[in-house]
Amino acid sequence: MSHAQKGPLYLTNTLTRRKEEFIPLRPPHVGLYVCGPTVYSDVHLGNVRTFTTFDLLYRWLRHLGYTVRYVRNITDVGHLVGDVDEGEDKIAKRARLEQLEPMEIVQKYTNGFHDVMRLFNILPPSIEPTATGHLIEQIEMVKRIIDAGYGYEANGSVYFDVPKFAEKHAYGELSGRRIDELQANTRDTEGMDEKRSPLDFAIWKKADPTHLMKWPSPWGEGFPGWHLECSAMSTKYLGQTFDIHGGGMDLKFPHHECEIAQSVAADGHAPVRYWMHGNMLTVNGRKMAKSEGNGFTPEELITGNHKLLEKGYSAMTVRFFMLQCHYASTLDFSNAALQAAEKGLERLMAAMDVLDKLKPAPAPDAAQDEAVKALAQRCHEAMNDDLNSPVLIAELFEGVRLINSANDGKVLLSAAAISGLQELFRAMVFDVLGLKREAQAAADDKALDGLVQVFIQMRAEAKARKDFATSDRIRDQLAAMGIVLKDTKEGTTWQRA
RNA sequence: GGUCACGUGGCCGAGGGGCUAGGCAGAGGUCUGCAAAACCUCGUACAGCGGUUCGAAUCCGCUCGUGACCUCCA
């Protein structure tokens, strides 16, 4: 299916703050870069939301027929704790606290991150570069920035000269900031005499002799600045100008603003054509963040072992919950909302099971063929309209009603209508939304199923002789063990509660 | 303090000048031995106050409230 046949895709470009038609630089190729995690601690649900957002984008672009090179980095050095380039490296600090090698910290939390991505059915990127694996590229980029006159060395560190850059180029365009306002609002911080302006940021940082993570450079032993990593790696794998750069809202300033400045300084032009930012996950109206103490890990979510959680929720429930909200809006976490999502997802998945077994009506209603096509069209339009997954899901529930009505014999579907629905649901639910059936292992458990079938048989016999006391007792006792029976026209089925 | 968002029915959330999503919860009904599921029907919402307009939840202004960023943050 070619993207050309599916109508234009519109995306909100946060650089222009408008919805724009997406036209790749070199179709059918699309270059996509997303800022990955700094691997110094467990990811929390807020992080998962951003990666889910760009997973949805990645999946939709692929669905449209694009060949996407998706680069999502691992930040394993250079991300500092605390204020204005004076803090300790996050990973080095963690290594000290856990008494491990920095690279053990990196490996440990990278593994954990990958586990979480798998759990939420987030596809792996095409390339997952690490900052420590690209020191040469970063040093080269620092050199280019210095050569262009926008970087200066001070005491073994190299800083980006923001005021000088701002004389000739736009600085603050992405985040809507003005250089004079920034200057007026800068706080005084200690120990920044090395920097000519408080707005300047480190692109190479000198390491003291006790520092574990350091590399030789033309300016002495040190390590790269955080903003520089993304610029160097995106340029290496996607070129000096590429299609889409994504990340969380909170990275807009300073991180992404600095990336733009670095690329313009080093290579002479803006690096990114479409900037996209996912909004935050909030808890009781406040951003989920480790410093707030309101973040929980995926493990806590699933077990329900957290003071904010009334019970555990599955990864797919949470994924569905997130996709029911547009990526650019804040999403507030609550138990009531999660429970609503859990029920809704259950209904969606149940309808897909029904759809698999649906038989064409002997005298189908031809008008329904058109209805199915129109539904598919609306689904595509929703996604093409800035990845409007909540509207897509709303449309899919229209389909759910159609499927269930057909199952009840109230709507007469042709074979073509049924296969159209099957194709639509498979594509949208599994491929695009990235949902999957889960916890089906129980129903697939042959021994358990055999056992339950014995009880279903016994209950059917009791029902046949109108011994409802016995049939109800069987049903109630199974329910108490977490096995729920449902009587349908085709017989009795069971599932775990 | 500066910049920028947002405030939608009981809850979560789309939409965004006239056609008023969807999910969950609730009420009534159909089916069923009963239940469950499913289907049908129902609730008529857009913070407040002004303004623009034939018409505003949607545009503009003000007020109130909330949040994000301005320092590390997905």
Side-chain angles (χ1 to χ4, degrees), chain A residues 17 34-38 40 43-54 79-87 90 172 175-178 180-182 184-187 189 226 246-255 277-282 285-292 295 320-321 324-326 328-348 350-351 354 378 382 385 388-398 400-401 403-411 463 466-468 471-472 475-476 479 484-489 492-493 495:
Chain A
R17 295 170 186 75
V34 173
C35 292
T38 301
Y40 73 106
V43 291
H44 60 69
L45 223 51
N47 304 306
V48 170
R49 186 179 180 206
T50 295
F51 298 123
T52 301
T53 291
F54 291 102
H79 205 154
L80 303 180
V81 179
D83 227 345
V84 207
D85 298 329
E86 294 304 320
K90 286 190 174 191
S175 54
R177 260 156 249 265
R178 288 176 21 183
D180 46 334
E181 282 166 357
L182 283 169
N185 286 317
T186 308
R187 285 192 256 154
T189 12
W226 176 42
M249 215 54 143
D250 46 359
L251 295 185
K252 232 170 159 181
F253 188 88
H255 185 56
H277 289 94
N279 215 324
M280 300 291 105
L281 180 68
T282 61
R286 299 199 157 262
K287 177 181 166 183
M288 183 181 280
K290 275 165 218 138
S291 52
E292 294 268 351
F320 183 70
F321 165 70
Q324 268 189 302
C325 172
H326 190 255
S329 301
T330 55
L331 172 62
D332 197 51
F333 169 90
S334 72
N335 280 282
L338 258 294
Q339 275 160 35
E342 187 173 60
K343 289 282 190 65
L345 178 61
E346 222 167 79
R347 196 156 89 86
L348 181 65
V354 169
R378 290 199 301 277
D385 183 15
N388 200 329
S389 56
V391 169
L392 167 61
I393 290 170
E395 295 295 352
L396 289 173
F397 274 105
E398 297 296 332
V400 165
R401 194 170 304 151
I403 290 162
N404 287 328
S405 296
N407 194 42
D408 288 351
K410 288 171 182 155
V411 170
K463 278 171 70 176
K466 305 246 189 264
D467 179 4
F468 297 123
S471 70
D472 287 356
R475 184 173 64 197
D476 292 348
V484 179
L485 301 186
K486 286 201 291 187
D487 296 332
T488 70
K489 276 185 297 195
T492 302
T493 61
Q495 65 179 60

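Order of the sequence lines fixes the chain letters, A, B, ..., with proteins taken first and strands second; residue numbering starts at 1 for each chain. Heavy-atom basis, side chains included; hydrogens, waters and symmetry copies ignored.
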Sugar-phosphate only, base, or nothing, as touched by [X] at under 4.0 Å among non-hydrogen atoms:
X	value
A:Leu338	nothing
A:Gly278	nothing
A:Phe468	base
A:Lys343	sugar-phosphate
A:Ser329	sugar-phosphate
A:Ala337	sugar-phosphate

[X] has an atom [atom1]; how far is it from atom [atom2] of [N], in whole Å?
X	N	atom1	atom2	result
A:Glu342	B:A25	CD	P	11 Å
A:Leu281	B:A68	CG	P	12 Å
A:Phe333	B:G67	CZ	C1'	18 Å
A:Glu346	B:G23	CD	P	15 Å
A:Met249	B:G67	CE	C1'	11 Å
A:Asp408	B:U30	CG	P	16 Å
A:His326	B:A5	NE2	P	16 Å
A:Asp332	B:G7	CG	C1'	13 Å

Hey, is the side chain of A:Arg401 pairing donor to acceptor with the base of B:C40 inside 3.5 Å?
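Looking at the base of B:C40, it does not pair with any donor or acceptor on the side chain of A:Arg401 (distance under 3.5 Å).
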Please evaluate the base of B:A36 for a donor-acceptor partner in the side chain of A:Arg475 within a cut-off of under 3.5 Å?
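Donor-acceptor pair under 3.5 Å: no.
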For the side chain of [X], counting heavy atoms from C-beta on, which of [options] is nearest?
X	options	value
A:Val391	B:G23, B:A14, B:G33	B:A14
A:Glu181	B:A14, B:U3, B:A35	B:U3
A:Ala336	B:A21, B:C11, B:C69	B:C11
A:Phe397	B:G23, B:G15, B:G13	B:G23
A:Glu398	B:C39, B:G22, B:G13	B:G22
A:Lys287	B:A14, B:G2, B:A68	B:A68
A:Asp487	B:A37, B:A74, B:C34	B:C34
A:Arg177	B:A36, B:C69, B:G13	B:C69
A:Leu251	B:A74, B:C72, B:C39	B:A74

Could you tell me which nucleotide pairs with [N] by Watson-Crick or G-U wobble geometry, both distances under 3.5 Å, or answer none if nothing does?
N	value
B:C19	none
B:A14	none
B:C42	B:G26
B:C31	none
B:G61	B:C49
B:A5	B:U66

[atom1] atom, [N] versus [M]: distance in rounded Å?
N	M	atom1	answer
B:C42	B:U20	P	13 Å
B:G26	B:A74	P	39 Å
B:G67	B:G29	C1'	44 Å
B:A14	B:G23	C1'	11 Å
B:C34	B:A25	P	23 Å
B:A56	B:A45	P	14 Å

When rounded to the nearest 0.5 angstrom, what distance separates [atom1] in [X] from [atom2] in [Y]?
X	Y	atom1	atom2	result
A:Thr50	A:Leu251	OG1	CG	8.0 Å
A:Lys463	A:Asp472	NZ	CG	9.0 Å
A:Arg475	A:Thr492	CZ	OG1	9.5 Å

Just to confirm, is there a sub-4.0 Å distance from OP1 or OP2 of [N] to any side-chain nitrogen or oxygen of [X]?
X	N	answer
A:Arg347	B:C39	yes
A:Arg286	B:G67	yes
A:Asn404	B:C39	yes
A:Thr38	B:C72	no
A:Asn388	B:G15	yes
A:Lys463	B:U32	no

Check: A:Gly172 main-chain N/O paired with A:Arg178 side-chain donor or acceptor under 3.5 Å
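Such a contact is absent between A:Arg178 side chain and A:Gly172 backbone.
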Non-hydrogen side-chain atoms of [X] and [Y] separated by less than 4.5 Å:
X	Y	result
A:Arg347	A:Asn404	yes
A:Gln324	A:Phe320	yes
A:Val400	A:Leu348	yes

